[in-house]
Amino acid sequence: MKKFALFFAAAVSIIAVSCKSDDDSTPEVTPVSVDLNFTHNWDGSNIENADFETTQYTNANGEELTLSKIVYLISDVTFTNSAGESFDAGDYNLVNVREEDNLTFTPGIQIPPGDYTVSFTFGFDDEDNIDAVYPDLNQTPEGSWGVPMMMGGGYHYMRLEGRFLDNTSTITGFQYHAIRANDQSTTPVTLQDTSIPVTLGQVTIGDNTTIEVKMNAAEWFKNPNQWDLNALPGMLMPNFAAQIMISENGASVFSLGAVTQ
Amino acid sequence: MRYLVVASILSSFLFFSCSEKDDGYTPTPVSLEIPQLFGQLLLPPTIPSDNPLTAEGIALGKKLFYDPILSADGTQACATCHDPQAAFSDTRKFSIGIDGIEGTRNSMPLFNLAWNSNQNFFWDGRANSLENQALEPVENPIEMHNTWGNATAELQATANYPELFSKAFGTDVITKSLVTKAIAQFEMTLISANSKFDKYLLGEATLTESESNGIAVFMDETRGDCFHCHGDPNSPLWTDNTFHNNGLDATITDLGLGGFSGDPREFGLFKSPSLRNLAYTAPYMHDGRFQTLDEVINHYSEGLVYSETIDPLMKKVSEGGVHLTEEDKADLKAFLLTLSEPGFRNNPDFQNPN
């Protein structure tokens, strides 16, 4: 399993809180790293390798579908303490659900144990979504993760693909690709950052903490926009309105799962 | 978030650095000269830690690649089916082995193999390294139909090979492992990154109007949508080095990846070929069914056929595809041809040394 480069690991400044040796009341605090564990479900039933292409799901619109691929990028995992101080390694992770690649991710930063609000970005926000600059995204095990320059360049946020039974009872492929919204009818192309800020909630970080991040894939098709695969089976990348809808639906996709110490 | 890009300006293909020891012979380490675009955009090449490149290893590998001694009757070399003039592929639909028997798959071109970071070789990915790949054709009954015992014994009995192995690997005992290591070293030096399109990306060439519309068709999700599998200007291998069913047949006969993995979900999936050097690698597809690029483009435009494992990226399959206009087809072809590199075929470093 390929680990994605942690560009800033070396540059991270470690916050070490040291105490006077004669002060017994405050123990020395060693900064810790935190593991994120990505799990995936369809309205509660787990999605694992064996489910791809086989398990049939029904989306909110009543369409029967199977999944063939869920690959997505998350970035900027951020830990914010009660004082409002935030810790962010600025790195990213490309999860491939079917291939079980990078289901566990350790952001390249160490933080003092304590209580934090944990958040991350689904995709890349505009600050990070820079065309061509990440070799391990130009050449992933699945090929290029890039977005064509005519759609503003940068990188995909997600490729969710599969097959559904369309309204002529034909099995039809769908490609639910999330990228930065772009409108090529204007010059220059109009871009809107549709990456999704996800706040998981409050977590107590100890020596050996693993945080489960749950994706409910059914939510991509549900709320607030009930997705009609017959109307929008694919070619979503150059579709500005579709990208806005994807981004809106993504707000309820991720949630905090088990936290183990 | 930025990378420091150190672009090599060395013009020689290989960079040799000498290191000699007093006692015994030490082979000369070689670093691949990484093409500027690959260095900027891609991961470093995959060189196995137990098979570092050396000048002697590469030279030996090249000699072996072109030497029919590896086949049972001394008539067929790797190069017989991997001809440099065809970008190290075969112009036949199916190559013919030493017994006159045809294979069932089209020979594959050989270049940029060190950048296949997935390390999956053959149309179905069944070899996990170049070294392991090279074990196969020698014993394949419809190819070189030899045994490794016989091949290494013959090499051992020659006047020159034991010394060449000694120089490359420090031993004159010839084994199949050393033979395949040497061949793999040579194969890793087969780099193609100097096509017209590469020069265009480097600001050294301009595209015609037809070629620029062609890349737009290639990159447009509503028209060609080729980039999801075959790379893009930021991923200039022009392949994803992974497997798909691109809608060739309603009934799958060659199981491809699924035949190797046993997984029915992978029946009929084949490795996406690189689109570099298409000008020299006809016929196309795993079974060489298409003679021309026009046939390939017509396939994607209106010839798609449904089967259970067809890739969801194949659109409007019930209509055969997205139906490109004749102009878009011609432009797409013009663009594809900008990915071919005439100099690759005739690179003096790659020719038969025997």
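Order of the sequence lines fixes the chain letters, A, B, ..., with proteins taken first and strands second; residue numbering starts at 1 for each chain.
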Count the heavy-atom pairs under 4.5 Å between each of Thr242(B), Asn241(B), Leu313(B), Asn120(B) and chain A, then report the option with the highest count.
Leu313(B)

Looking only at heavy atoms, what is the nearest atom pair of Leu42(B) and Gln139(A), with distance?
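Taking Leu42(B) first and Gln139(A) second, the nearest heavy atoms are CB-OE1, 3.3 Å.
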
Separation between [atom1] of [X] and [atom2] of [Y], rounded to the nearest 0.5 Å:
| X | Y | atom1 | atom2 | value |
| --- | --- | --- | --- | --- |
| Leu237(B) | Asn138(A) | CG | CG | 10.0 Å |
| Met151(A) | Asp220(B) | CE | CG | 6.5 Å |
| Met237(A) | Met219(B) | CE | CE | 8.5 Å |
| Glu142(A) | Asn118(B) | CD | CG | 8.5 Å |
| Asn234(B) | Ser144(A) | CG | OG | 6.5 Å |
| Asp225(B) | Met235(A) | CG | CE | 7.5 Å |

Crowded around Glu209(B) CD? As in, over 12 foreign heavy atoms under 6.0 Å?
no

I'd like to know whether CD of Gln56(A) has more than 12 heavy-atom contacts from other residues, nucleotides or ligands below 6.0 angstrom.
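Atom CD in Gln56(A) is crowded, with more than 12 foreign heavy atoms closer than 6.0 Å.
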
Non-hydrogen contacts under 4.5 angstrom with chain A: give the residues of residues 304-312 of chain B involved, or none if there are none.
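Within residues 304-312 of chain B, the residues that come under 4.5 Å of chain A (heavy atoms only) are Tyr306(B), Glu308(B), Thr309(B), Ile310(B), Asp311(B), Pro312(B).
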
Can you name the residues of residues 247-278 of chain B that have some heavy atom under 4.5 Å away from a heavy atom in chain A?
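The residues closer than 4.5 Å to chain A, in numerical order, are Arg265(B).
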
Find the one option among [options] whose heavy-atom pairs under 4.5 Å with chain B are most numerous.
| options | answer |
| --- | --- |
| Pro233(A), Gly146(A), Gly143(A), Pro148(A) | Pro148(A) |
| His156(A), Met149(A), Glu127(A), Arg163(A) | Arg163(A) |
| Thr170(A), Ile171(A), Thr54(A), Thr172(A) | Ile171(A) |
| Arg159(A), Gln184(A), Lys69(A) | Arg159(A) |

Whatever's closer than 4.5 Å to a heavy atom in chain A on His230(B) counts as neither

Pro135(A) and Leu41(B), any side-chain heavy atoms less than 4.5 Å apart
no

Sort by residue number and list every member of residues 173-182 of chain A having a non-hydrogen atom under 4.5 Å from chain B.
Gly173(A), Phe174(A), Gln175(A), His177(A)

Under the rule for side-chain contact (heavy atoms from CB on, under 4.5 Å), what residues qualify as partners of Ser212(B), not counting sequence neighbours?
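In terms of side-chain contact (heavy atoms from CB on, under 4.5 Å), with neighbours along the sequence ignored, Ser212(B) is linked to Leu207(B).
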
